[in-house]
Amino acid sequence: MRRVLIIGNSGAGKSTLARRLGAKLDLPVVHLDVLFWKPGWTERDDDEFNALILDYQAGEAWISDGNFGGSWHLRMPAADTIIWLDLPPWLCLARAIRRVVQYRDGTRPDMAEGCGETIDLKFYHFILTYNRKVRPRLERALAEHGGHARIVRLRSDREIADFLARA
């Protein structure tokens with residue numbers, strides 16, 4: 001594992017796994033939320049975001065976490081390992097709500113500066129409908145762009161812990 005992509009629903013634990021795996025394998029970690037968002041939850045335009053993706057992917061080794069389905073066609077072919085955190089939406093929602101409380105006075109370490117956690121019903125709806133709306137697109141992208149890579153699908157915290165212990 002030298003070029004690792006971690007994908008899955010918001011709140012699944014992508015950034016946490018990226019940090020832990022990066023420390024264990026001594027690989028740099030790139031949080032896509034940091035690249036995509038500007039202060040105040042302002043989005044980067046696609047060209048700028050894609051250029052930032054291609055820039056970090058030029059490195060020989062990295063771990064990258066994040067959804068951003070519009071860039072799967074760039075990110076999946078560059079990865080040698082794709083880790084899909086496929087946890088239940090209710091658990092992801094609970095974690096996203098917990099983050100609001102945990103980081104209410106600041107920005108979490110895997111997010112761009114000036115993008116504090118807030119209660120966001122539209123975001124919570126995204127989490128709850130992920131399996132219906134995003135999952136089919138993700139499965140197609142994996143089939144189209146991820147066939148060369150080792151795909152690891154983790155469906156519980158136990159599986160995540162076991163994977164990390166074996167990494």
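What you are looking at is a predicted structure, and each value in this text was computed from that prediction instead of being measured.
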Chemist: For residues Gly40 and Cys115, report the shortest heavy-atom separation together with the two atoms involved.
Modeler: N-SG, 4.1 Å

Chemist: Can Trp84 be reached from Ile160 by stepping across I, L, V, M, F, W or Y side chains whose heavy atoms are under 4.5 Å apart?
Modeler: no

Chemist: Between Met1 and Leu21, is the side chain to side chain contact (heavy atoms under 4.5 Å, CB included) condition met? List the steps.
Modeler: CA-CA 10 Å; Met1 288 189 292; Leu21 192 58; 4.3 Å; yes

Chemist: Between Lys38 and Glu48, is there a salt bridge with N-O shorter than 4.0 Å?
Modeler: yes

Chemist: Look at the side-chain heavy atoms of Ile, Leu, Val, Met, Phe, Trp and Tyr, link any pair under 4.5 Å apart, and say whether Val30 and Ile53 land in one connected group.
Modeler: yes

Chemist: Same cluster for Val29 and Leu32 if Ile/Leu/Val/Met/Phe/Trp/Tyr side chains link at under 4.5 Å?
Modeler: no

Chemist: Are side-chain heavy atoms of Leu142 and Met76 found at a separation under 4.5 Å?
Modeler: yes

Chemist: CG of Leu17 to CG of Leu154: how many Å apart, nearest 0.5 Å?
Modeler: 7.0 Å

Chemist: What's the spacing between Thr81 OG1 and Ile6 CD1 if we round to 0.5 Å?
Modeler: 10.0 Å

Chemist: Should Lys133 and Phe126 count as side-chain neighbours, where that means a heavy-atom distance under 4.5 Å?
Modeler: no

Chemist: Taking all non-hydrogen atoms of both residues, which atom of Phe49 and which atom of Ser71 are closest, and how far apart?
Modeler: CE2-OG, 4.1 Å

Chemist: Under 4.0 Å between a Lys/Arg side-chain N and an Asp/Glu carboxylate O for Glu144 and Arg140?
Modeler: no

Chemist: For Ala51, is there any backbone N or O sitting under 3.5 Å from a side-chain donor or acceptor partner on Asp55?
Modeler: no

Chemist: Starting at CG of Asp110, measure out to CG of Asp33 and round the result to the nearest 0.5 Å.
Modeler: 6.5 Å

Chemist: Taking the side chain as every heavy atom from C-beta outward, state whether Leu85 and Ile7 have any atom pair closer than 4.5 Å.
Modeler: no

Chemist: Parallel, tilted or perpendicular: which one describes the rings of Phe68 and Phe36, with boundaries at 30° and 60°?
Modeler: tilted

Chemist: Return yes if some donor-acceptor pair links the side-chain N/O of Asn9 with the main-chain N/O of Asp86 below 3.5 Å, else return no.
Modeler: no

Chemist: I'd like to check Met111 versus Val34 (side-chain heavy atoms, cut-off strictly below 4.5 Å). Are they in contact?
Modeler: no

Chemist: If you compare all heavy atoms of Ile127 against all heavy atoms of Cys92, which two are closest, and at what distance to 0.1 Å?
Modeler: CG2-CB, 3.8 Å

Chemist: Please answer: with hydrophobic residues joined when any side-chain heavy atoms are less than 4.5 Å apart, are Ile151 and Leu5 in the same cluster?
Modeler: yes

Chemist: Look up atom OH in Tyr103 and atom CZ in Arg98, then write down how far apart they are to the nearest 0.5 Å.
Modeler: 9.5 Å

Chemist: Show the numbers, then the answer: is there a side chain to side chain contact (heavy atoms under 4.5 Å, CB included) between Arg44 and Leu52?
Modeler: CA-CA 10 Å; Arg44 281 190 202 282; Leu52 292 170; 3.5 Å; yes

Chemist: Can you establish whether the number of heavy atoms outside Glu113 located under 6.0 Å from its atom CD is more than 12?
Modeler: no

Chemist: Mind listing the closest non-hydrogen atom pair of Arg75 and Gln57 along with its distance?
Modeler: CA-OE1, 3.2 Å

Chemist: Mark yes or no for whether Ser156, through its side chain, and Glu159, through its backbone, hold a donor-acceptor pair below 3.5 Å.
Modeler: yes

Chemist: I'd like to know whether CH2 of Trp41 has more than 12 heavy-atom contacts from other residues, nucleotides or ligands below 6.0 angstrom.
Modeler: yes

Chemist: Is the number of heavy atoms from other residues, nucleotides or ligands within 6.0 Å of CG (Asp45) greater than 12?
Modeler: yes

Chemist: Is a side-chain N or O of His148 found less than 3.5 angstrom from the main chain of Ala79, in a donor-acceptor match?
Modeler: yes

Chemist: Sub-3.5 Å donor-acceptor pair from the side chain of Lys24 to the main-chain atoms of Leu164, do we have one?
Modeler: yes

Chemist: What's the separation between atom CG in Leu91 and atom CG in Asp157, rounded to the nearest 0.5 Å?
Modeler: 6.0 Å

Chemist: What I'd like to find out is whether the side chain of Val152 reaches to under 4.5 Å of the side chain of Ile82, using heavy atoms alone.
Modeler: no

Chemist: So does Glu117 get a backbone contact from the side chain of Arg99, meaning a donor-acceptor N/O pair under 3.5 Å?
Modeler: no

Chemist: Measure the CD1-NZ distance between Ile83 and Lys14 for me, rounded to the nearest 0.5 Å.
Modeler: 12.5 Å

Chemist: Do any N or O atoms from the side chain of Arg3 and from the backbone of Ala78 form a donor-acceptor pair under 3.5 angstrom?
Modeler: yes

Chemist: In sequence, state the C-alpha distance, the side-chain angles, and the governing distance for Tyr124 and Ile97, and then conclude on side chain to side chain contact (heavy atoms under 4.5 Å, CB included).
Modeler: CA-CA 8 Å; Tyr124 300 154; Ile97 293 170; 3.8 Å; yes

Chemist: Does Arg20 have more than 12 heavy atoms from other residues, nucleotides or ligands lying within 6.0 Å of its CZ?
Modeler: no

Chemist: Check the hydrophobic clustering (I, L, V, M, F, W, Y; side-chain heavy atoms under 4.5 Å; chains of links allowed) and say if Phe163 and Leu27 are grouped together.
Modeler: yes

Chemist: Using every non-hydrogen atom in the two residues, find where Asn131 and Pro136 come nearest and quote the distance to one decimal.
Modeler: O-CD, 3.6 Å

Chemist: How close do Val134 and Trp72 get, counting heavy atoms only, and between which atoms?
Modeler: CG1-CH2, 3.9 Å

Chemist: Are side-chain heavy atoms of Phe123 and Thr118 found at a separation under 4.5 Å?
Modeler: no

